Protein chains: 2
Amino acid sequence: MEKSVIELEPAASVLKLLGDKTRLTMMGLLKDGECCVCEFVEVLQMSQPSISQHLRKLRDAGLVKERKKGQWVFYSLNPDHEAILLIERILTIIPDQMEKLNDLEKKGLRICCD
Amino acid sequence: MEKSVIELEPAASVLKLLGDKTRLTMMGLLKDGECCVCEFVEVLQMSQPSISQHLRKLRDAGLVKERKKGQWVFYSLNPDHEAILLIERILTIIPDQMEKLNDLEKKGLRICCD
DNA sequence: TGCATATATAAGCGTATGCTTATATACTGA
DNA sequence: TCAGTATATAAGCATACGCTTATATATGCA
């Protein structure tokens with residue numbers, strides 16, 4: 001069940017994770033649905049290891065879930081996280097990242113993953 | 001005027017600042033009104049320089065304002081911050097810090113500042 | 001003027017963070 | 001079975017962070 005109040009320490013941990021431009025963008029992308037690693041790499045224009053390391057932090061903290069399909073790994077928001085309410089509130093207040101995914105699609109780069 | 005969407009970079013900066021237990025507690029205290037430095041020191045049980053340095057970060061980022069009165073400096077939330085909506089949303093979701101101030105009052109430690 | 005109190009700043013230090021490059025692992029298809 | 005693609009992990013490094021101790025600044029009061 002969602003809690004409407006989150007204890008200070010876990011709240012600070014979540015905020016710390018989201019207090020990084022790269023990870024915040026990632027979470028913003030995931031708000032609109034799951035993404036695979038290669039999409040993050042394309043959208044964020046960062047090295048694959050760097051992306052992977054950020055994803056690991058998010059996954060270790062339980063903010064995202066992974067789903068493996070073939071050689072790809074898709075990430076999505078974890079709706080069961082204790083601070084999901086806090087996370088959602090934050091994600092609704094930042095600019096929509098969908099546009100970046102659409103740009104990818106135009107370049108034909110998004111079809112790779114399925 | 002308050003914006004209902006905050007750009008990603010400034011949002012990340014604010015989240016980073018709030019992603020520290022000490023600063024998040026401080027902001028939680030300020031939600032209920034202004035506090036002077038010595039109160040933070042008492043409530044948080046931290047050294048005065050450490051408190052002062054955290055306050056400086058919050059002030060440099062415009063999250064809090066200061067008001068000098070005599071030898072004391074009172075801090076309060078800055079309602080004009082561009083991300084005030086984000087800040088308020090976060091502060092409403094963490095536990096009320098008022099209790100800690102009340103505890104101080106019981107110990108007679110809060111009367112010092114006026 | 002001089003001393004006490006409140007706050008800020010500076011310097012130093014151990015640790016955390018985020019990137020890079022190199023390499024390991026996992027899956028797919030020929 | 002082997003080569004290619006996707007992802008993860010490891011090691012190294014520069015920088016950021018948060019604390020400590022020491023000191024500076026500012027205000028109030030005798």
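No experiment lies behind these values; they were computed from the predicted model shown.
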Using only atom types and a distance under 3.5 Å, with no angle test, would you say the side chain of A:Glu99 pairs donor to acceptor with the backbone of A:Asp96?
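It does not hold such a pair.
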So, the side chain of A:Glu39 versus the backbone of A:Cys36: is there a donor-acceptor pair under 3.5 Å, distance only?
yes
d([atom1], [X]; [atom2], [N]) in whole Å:
X       : N      : atom1 : atom2 : value
A:Gln45 : C:dG18 : CD    : C1'   : 18 Å
A:Asp20 : C:dG18 : CG    : P     : 5 Å
A:Arg23 : C:dG18 : CZ    : C1'   : 8 Å
A:Lys69 : D:dT7  : NZ    : P     : 13 Å
B:Glu66 : D:dT25 : CD    : P     : 17 Å
B:Arg67 : C:dA6  : CZ    : C1'   : 15 Å
A:Gln48 : C:dA26 : CD    : C1'   : 13 Å
B:Met46 : D:dT20 : CE    : P     : 6 Å

When you compare the side chain of B:Arg59 with that of B:Tyr75, does any pair of heavy atoms fall below 4.5 Å?
yes
So does [X] get a side-chain nitrogen or oxygen closer than 4.0 Å to the phosphate oxygens (OP1/OP2) of [N]?
X       : N      : answer
A:Arg56 : D:dT7  : no
A:Lys16 : C:dT17 : yes
B:Ser47 : D:dT20 : yes
B:His54 : D:dC17 : no
A:Ser50 : C:dG18 : no
A:Lys57 : C:dG18 : yes
B:Tyr75 : C:dA6  : no

Reading DNA chain C from 5' onward, which residue's closest nucleotide shows up sooner: B:Lys68 or A:Thr22?
B:Lys68
Closest to side chain of [X], choosing from [options]:
X       : options                : answer
B:Arg59 : C:dA6, D:dA6, C:dT9    : C:dT9
B:Pro49 : C:dT28, D:dA22, C:dT20 : D:dA22
B:Gln53 : D:dA10, D:dC19, C:dT5  : D:dC19

Can you name the side-chain hydrogen bond (donor to acceptor under 3.5 Å, both in side chains) partners of A:Arg56, sequence neighbours left out?
none
Base, sugar-phosphate alone, or nothing: which one does A:Phe40 contact when heavy atoms must sit under 4.0 Å apart?
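No contact.
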Residues forming a salt bridge (Lys or Arg N to Asp or Glu O under 4.0 Å) with B:Lys21, sequence neighbours excluded:
A:Glu9
